[in-house]
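The structure appears right after this line, and notes come after that.
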Amino acid sequence: MPRDPKTVLSEALAEALAGEAPEAGRTAIGLERPKNAAHGDWSSNVALQVAARLGRNPRELAQKLCAAPVWASLADIVEPPQVAGPGFVNFRLRPAAKLAVIHRVLAEGERYGHARAAKPEKVMVEFVSANPTGPLHVGHGRQAALGDAIAALIASQGHEVTREFYYNDAGAQIRNLALSVQARARGIAPGEPGWPADGYQGEYVVEIARAYAAAGGDLEDLEAVRRFAVAYLRREQDEDLRAFGVAFDVYSLESALYAEGKVEEVVQALVSRGKTYEKDGALWLRTTDYGDDKDRVMRKADGSYTYFVPDVAYHVGKWRRGYTRVVNVQGSDHHSTITRVRAGLQALAIGIPAGWPEYVLHSMVRVVRGGEEVKISKRAGAYVTLRDLIDWAGRDAVRFFLVSRRPDADFVFDVDLALARTEDNPVYYVQYAHARISSVLAQWGEDPARLAAAPLAPLALAREAVLARELAAFPEVLAQAAAECAPHAVAFYLRNLASEFHSYYNAERILVEERALREARLALAAAVRQTLANGLRLLGVSAPEKM
RNA sequence: GCGCCCGUAGCUCAGUGGAUCAGAGUAUUGGCCUCCGAAGCCAAGGGUCGUGGGUUCGAAUCCCGCCGGGCGCGCCA
């Protein structure tokens with residue numbers, strides 16, 4: 001396998017720099033793909049950076065770098081570099097070097113784009129973590145799609161990833177749920193005498209009450225009602241997640257933290273470290289020492305703990321389990337917890353880095369239907385569930401759509417668009433390219449394995465070079481998306497790759513008479529198909545052969 | 001009032017640790033199936049990148065003010 005052009009260029013550039021500007025010392029060589037293809041395949045701004053530091057003329061330095069002797073030895077890979085603009089050094093790869101990626105894709109297959117981490121880490125992605133007080137709604141769907149894709153991306157870079165779901169089964173809200181079910185079972189409706197103050201009004205509560213009665217449950221036993229309701233809703237949530245293609249490795253329970261004494265342990269540690277004080281009958285944590293705008297209550301006057309205390313205990317557990325990188329995917333309405341949890345962890349001084357854990361906060365999903373916004377209110381019970389979305393638009397479309405926007409961007413999910421115009425969803429566009437290529441390969445009828453060695457020299461068209469260039473970018477797209485927890489970059493990449501293929505397909509025929517050209521084009525198409533499939537898989541979307 | 005996030009084409013959104021493009025989809029208009037899948041392709045029109053300053057050779061991108069929107073600001077979770 002030929003060496004990666006980027007690495008070759010980077011090393012050669014470093015050598016040229018050492019020759020022309022030894023006083024620059026060791027400098028990071030920035031090499032990137034120009035957005036504008038007219039500027040070549042690779043471009044470096046190293047002359048601009050170094051010149052600014054040394055007080056030299058950037059364009060002149062760039063000229064000297066271009067004239068360095070090293071390029072002559074790389075003549076079979078790259079054309080002589082060119083200076084452009086204020087001092088960029090631009091590279092244009094030789095056609096053969098550019099097309100070589102096709103063989104690489106076909107050789108690596110499902111692994112193409114994946115990387116072997118120099119230092120594999122134990123990574124946990126915690127997401128969804130919905131409390132068992134109701135069905136999963138659209139916001140949970142966004143979180144499930146995001147979290148699963150982020151986990152897959154990080155795993156693709158060679159790290160060991162665990163998907164974890166944490167649920168709060170110990171708080172006041174669970175008690176409210178139990179009281180609501182009990183009330184419904186007694187025939188009490190919201191607003192009527194006997195209805196709990198913060199009761200859950202959704203229809204699903206009626207269903208749980210009915211099921212509890214059918215199972216012969218004792219209405220007076222609130223603890224039994226609670227267990228039944230939690231189990232019922234957990235089962236429903238699991239079914240929805242399964243239908244969405246999301247699976248977790250570990251489920252953690254808040255109640256277990258109490259049962260195992262982890263919460264008490266953390267409180268004691270904080271007290272003995274002098275990070276707390278008593279005031280107004282409550283126990284406070286000095287979170288202001290760690291950037292919070294005021295101290296926070298840990299133990300209320302009634303003796304119970306506030307919600308973030310078990311959360312700190314939970315994260316101590318994550319750290320002790322060896323997760324050096326933890327990504328928590330949460331709605332932006334929880335952003336204030338970040339400071340508190342990190343403050344608690346820092347106050348314990350057990351070696352946890354200041355920025356640990358990482359958080360990916362996503363904005364709320366606004367659902368629009370019939371031109372009007374559907375308010376999401378769990379208490380009122382009127383909201384769009386994840387199950388609804390899957391039923392309307394299908395799993396692939398929902399997952400692709402929910403993951404194709406930046407997490408922190410506002411998000412409008414137009415139900416009518418998903419319902420009535422499913423064919424306009426970009427996911428079909430990408431899948432269509434995959435199916436189209438599959439169809440061409442089937443029509444060709446020979447063994448695709450042969451294509452892995454097909455000579456590529458016949459690929460002389462500009463469009464073919466563009467496709468090869470796009471294919472070569474895939475590994476970098478994945479690496480960056482994984483580092484930045486930005487799966488939407490993959491969705492946009494796939495959209496673009498599909499677009500370039502459709503364009504090529506319409507302009508040129510693949511199954512031409514001439515055998516050498518035919519097989520070269522088939523190899524290119526097969527490489528595109530493989531890359532599309534690899535990208536879709538990371539997003540949890542299927543890559544159909546027919547549709 | 002304070003904190004975090006956001007403001008880019010009619011609409012939905014990319015690009016945002018400077019230089020080398022203001023872009024995609026959609027909508028509108030006009031073309032392309034005797035030929036590998038028309039769920040496709042080609043083309044046109046459409047934006048002083050919320051606004052006013054600042055830094056720089058260069059700002060959608062960085063800094064400050066303002067306007068507009070979202071989310072938080074509880075001994076709720």
Side-chain angles (χ1 to χ4, degrees), chain A residues 32-40 43 45 47-49 52 58 84-88 90 129 131 133 168 170-174 176 198 254 279-284 291-294 296-308 310-311 331-339 359 361-364 366 368 378 401 404-414 417 421-433 435-444 486 488-489 491-493 495-496 498-499 501-512 518 521-522 525 546-547:
Chain A
E32 54 183 36
R33 294 171 185 282
K35 292 177 210 156
N36 186 342
H39 295 113
S43 174
N45 63 352
L48 287 158
Q49 291 177 338
F88 290 94
N90 291 344
S129 295
N131 292 333
T133 53
N168 175 321
Q173 57 194 340
I174 297 292
N176 274 337
D198 291 316
E254 184 190 18
K279 193 182 89 179
D280 303 334
L283 182 67
W284 298 67
D292 206 349
D293 52 1
K294 57 181 166 183
R296 304 291 168 175
V297 170
M298 293 175 65
R299 190 174 57 221
K300 299 179 248 177
D302 68 4
S304 64
Y305 293 113
T306 55
Y307 76 98
F308 87 94
D311 214 5
S332 63
D333 54 338
H334 287 91
H335 73 81
S336 65
T337 75
I338 296 175
T339 311
Y359 286 84
L361 298 181
H362 63 85
S363 62
M364 299 293 95
R366 286 161 49 215
V368 174
K378 213 183 273 193
F401 194 59
S404 55
R405 277 154 178 72
R406 221 168 5 111
D408 57 359
D410 288 335
F411 196 141
V412 178
F413 197 114
D414 188 333
L417 196 73
R421 318 196 44 129
T422 53
E423 68 279 5
D424 284 338
N425 193 303
V427 69
Y428 294 102
Y429 184 85
V430 176
Q431 290 181 318
Y432 183 61
R436 225 177 191 183
I437 297 170
S438 299
S439 169
V440 173
L441 286 169
Q443 219 157 117
W444 174 56
H488 72 282
F492 277 91
Y493 170 84
R495 220 284 161 197
N496 199 40
S499 167
F501 178 77
H502 283 309
S503 197
Y504 174 60
Y505 180 91
N506 268 270
E508 309 297 336
R509 197 177 163 78
I510 293 173
L511 295 175
V512 292
R518 182 175 67 231
R521 287 185 171 172
L522 282 165
K546 289 180 181 169
M547 43 193 298

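Chain identifiers are assigned alphabetically (A, B, ...) following the order of the sequence lines, protein sequences preceding nucleic acid strands; residue numbering begins at 1 within each chain.
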Name the residue closer to the 5' end of RNA chain B, choosing between A:Ala435 and A:Tyr305 according to the nucleotide with the nearest heavy atom. A:Ala435
Should the pair A:His488 and A:Phe492 be assigned to parallel (<30°), tilted (30 to 60°) or perpendicular (>60°) ring geometry? perpendicular
How many whole angstroms separate atom CG of A:Asn176 from atom P of B:C76? 13 Å
What pairs with A:Phe88 under ring pair (Phe, Tyr, Trp, His ring centres under 6.0 Å), at least two apart in sequence or on another chain? none
Check: B:G72 base within 3.5 Å donor-acceptor of A:His334 side chain: no
Distances for protein N or O near nucleotides 5-7 of chain B N or O, under 3.5 Å:
from	atom 1	to	atom 2	distance (Å)
B:C6	OP1	A:Asp408	OD2	3.3

Secondary-structure string, 5' to 3', Watson-Crick or G-U under 3.5 Å, | for another-strand partners, for RNA chain B: (((((((..((((.........)))).(((((.......))))).....(((((.......))))))))))))....
Ignoring the backbone of A:Met547, work out which of B:A39, B:G72, B:A77 is nearest its side chain. B:A39
For A:Glu508, does the CD atom sit with more than 12 other heavy atoms under 6.0 Å from it, leaving out its own atoms? yes
Distance, rounded to the nearest Å, where A:Arg521 contributes CZ and B:C35 contributes C1': 14 Å
B:C76 phosphate, OP1 or OP2: any side-chain N/O from A:Thr306 under 4.0 angstrom? no
When you compare B:G10 with B:A77, how far apart are their P atoms, in angstrom units rounded to a whole number? 46 Å
Using a cut-off of 4.0 Å on non-hydrogen atoms, how would the nucleic acid contact of A:Phe492 be classed: base, sugar-phosphate, or nothing? sugar-phosphate
Mind calculating the distance between NZ (A:Lys294) and C1' (B:G72) to the nearest angstrom? 11 Å
A:Val297 and A:Thr306: which non-hydrogen atoms are nearest, and at how many Å? O-OG1, 2.7 Å
Assign A:Met298 to base, sugar-phosphate, or nothing according to its heavy-atom contacts below 4.0 angstrom with the strands shown. nothing
Considering all heavy atoms, the nearest A:Asn90-A:Ala84 contact: ND2-CB, 3.3 Å
At 4.0 Å (heavy atoms only), tell me whether A:His502 reaches a base, stays on the sugar-phosphate, or touches nothing. sugar-phosphate
Quickly work out the A:Met364 CE to B:G69 C1' distance and round it to whole Å. 15 Å
How many Å lie between CG on A:Asp292 and P on B:C73, as a whole number? 12 Å
Report the residues that fulfil side chain to side chain donor-acceptor pair (under 3.5 Å) with A:Asp292, sequence neighbours left out, ordered by chain and then residue number. A:Thr287, A:Arg296
Ignoring backbone atoms, establish whether A:His488 has a side-chain N or O less than 4.0 Å from OP1 or OP2 of B:G15. yes
How is A:Asn90 classified with respect to the nucleic acid when contacts are heavy atoms under 4.0 Å: base, sugar-phosphate, or nothing? base
Could you give the distance separating B:C21 and B:G47 at their C1' atoms, to the nearest angstrom? 15 Å
C1' gap between B:U26 and B:U8, integer Å: 16 Å
Base, sugar-phosphate, or nothing: which does A:Ala84 touch, judged by heavy atoms less than 4.0 Å apart? base
Syn if the chi torsion is within 90° of 0, anti otherwise; quick check, which is B:C62? anti
Nearest-nucleotide wise, let me know which of A:Ala282 and A:Ser336 is further upstream toward the 5' end of RNA chain B. A:Ser336
Is the phosphate of B:A38 approached by A:Tyr428 (side-chain N or O, under 4.0 Å from OP1 or OP2)? no
What contact category does A:Ala489 fall into here, base, sugar-phosphate, or nothing, at under 4.0 angstrom with non-hydrogen atoms? nothing
Report which part of the nucleic acid A:Ser43 touches: base, sugar-phosphate, or nothing (heavy-atom distance under 4.0 Å, all strands). base
Sticking with atom P, work out how far B:A9 lies from B:A14, rounded to a whole angstrom. 12 Å
A:His335 has a side chain; which of B:C75, B:G72, B:U20 sits nearest to it? B:G72
Can you name the residues that form a ring pair (Phe, Tyr, Trp, His ring centres under 6.0 Å) with A:His502, not counting sequence neighbours? A:Tyr429, A:Tyr432
Could you tell me whether a side-chain N or O of A:Asp333 sits under 3.5 Å from a main-chain N or O of A:His335, the two making a donor and an acceptor? no
Nucleotide B:G37, atom C1' - distance to CZ of A:Arg509 in whole Å: 12 Å
Cut-off 3.5 Å, side chains only: do A:Asp302 and A:Ser304 have a donor facing an acceptor? yes
For A:Phe308, all residues meeting ring pair (Phe, Tyr, Trp, His ring centres under 6.0 Å), sequence neighbours excluded: none
Here the pair of heavy atoms bringing A:Lys300 nearest to A:Tyr305 is CE-O, 3.7 Å
Can you find an N or O donor on one side and an acceptor on the other, under 3.5 Å apart, linking the side chain of A:Tyr432 with the base of B:A39? no
A:Glu254 near the nucleic acid: base, sugar-phosphate alone, or nothing, with a heavy-atom cut-off under 4.0 Å? nothing
Nucleotide of B:C36, B:C71, B:C41 approaching A:Ser332 most closely (side-chain heavy atoms): B:C71
Taking all atoms of both residues into account, what is the closest heavy-atom pair of A:Ile510 and A:Ala525, and its distance? CD1-CB, 4.2 Å
How many whole angstroms separate atom CG of A:Leu361 from atom P of B:G3? 18 Å
In whole angstrom, give me the gap between the C1' atoms of B:G50 and B:G68. 7 Å
At 4.0 Å (heavy atoms only), tell me whether A:Phe308 reaches a base, stays on the sugar-phosphate, or touches nothing. nothing
In whole Å, what separates the P atom of B:A60 from that of B:C49? 7 Å
Please report the distance separating the C1' of B:U61 from the corresponding atom of B:G3, rounded so that it comes out in whole Å. 24 Å
How would you label the contact of A:Arg405 with the nucleic acid (heavy atoms, under 4.0 Å): base, sugar-phosphate, or nothing? sugar-phosphate
Remember a base hit wins even if backbone is also touched, and classify A:Asp302 as base, sugar-phosphate or nothing at under 4.0 Å, heavy atoms. nothing
How close do A:Ala301 and A:Asp280 get, heavy atom to heavy atom, and via which atoms? CB-O, 4.4 Å
For the base of B:U20, is there a side-chain donor-acceptor partner from A:Asn45 under 3.5 Å away? no
Kindly say if A:Arg518 contacts the phosphate of B:C36, meaning a side-chain N or O under 4.0 Å from OP1 or OP2. no
When you compare B:C75 with B:C66, how far apart are their C1' atoms, in angstrom units rounded to a whole number? 38 Å
To the nearest Å, give me how far apart CG (A:Asn506) and P (B:C32) are. 14 Å
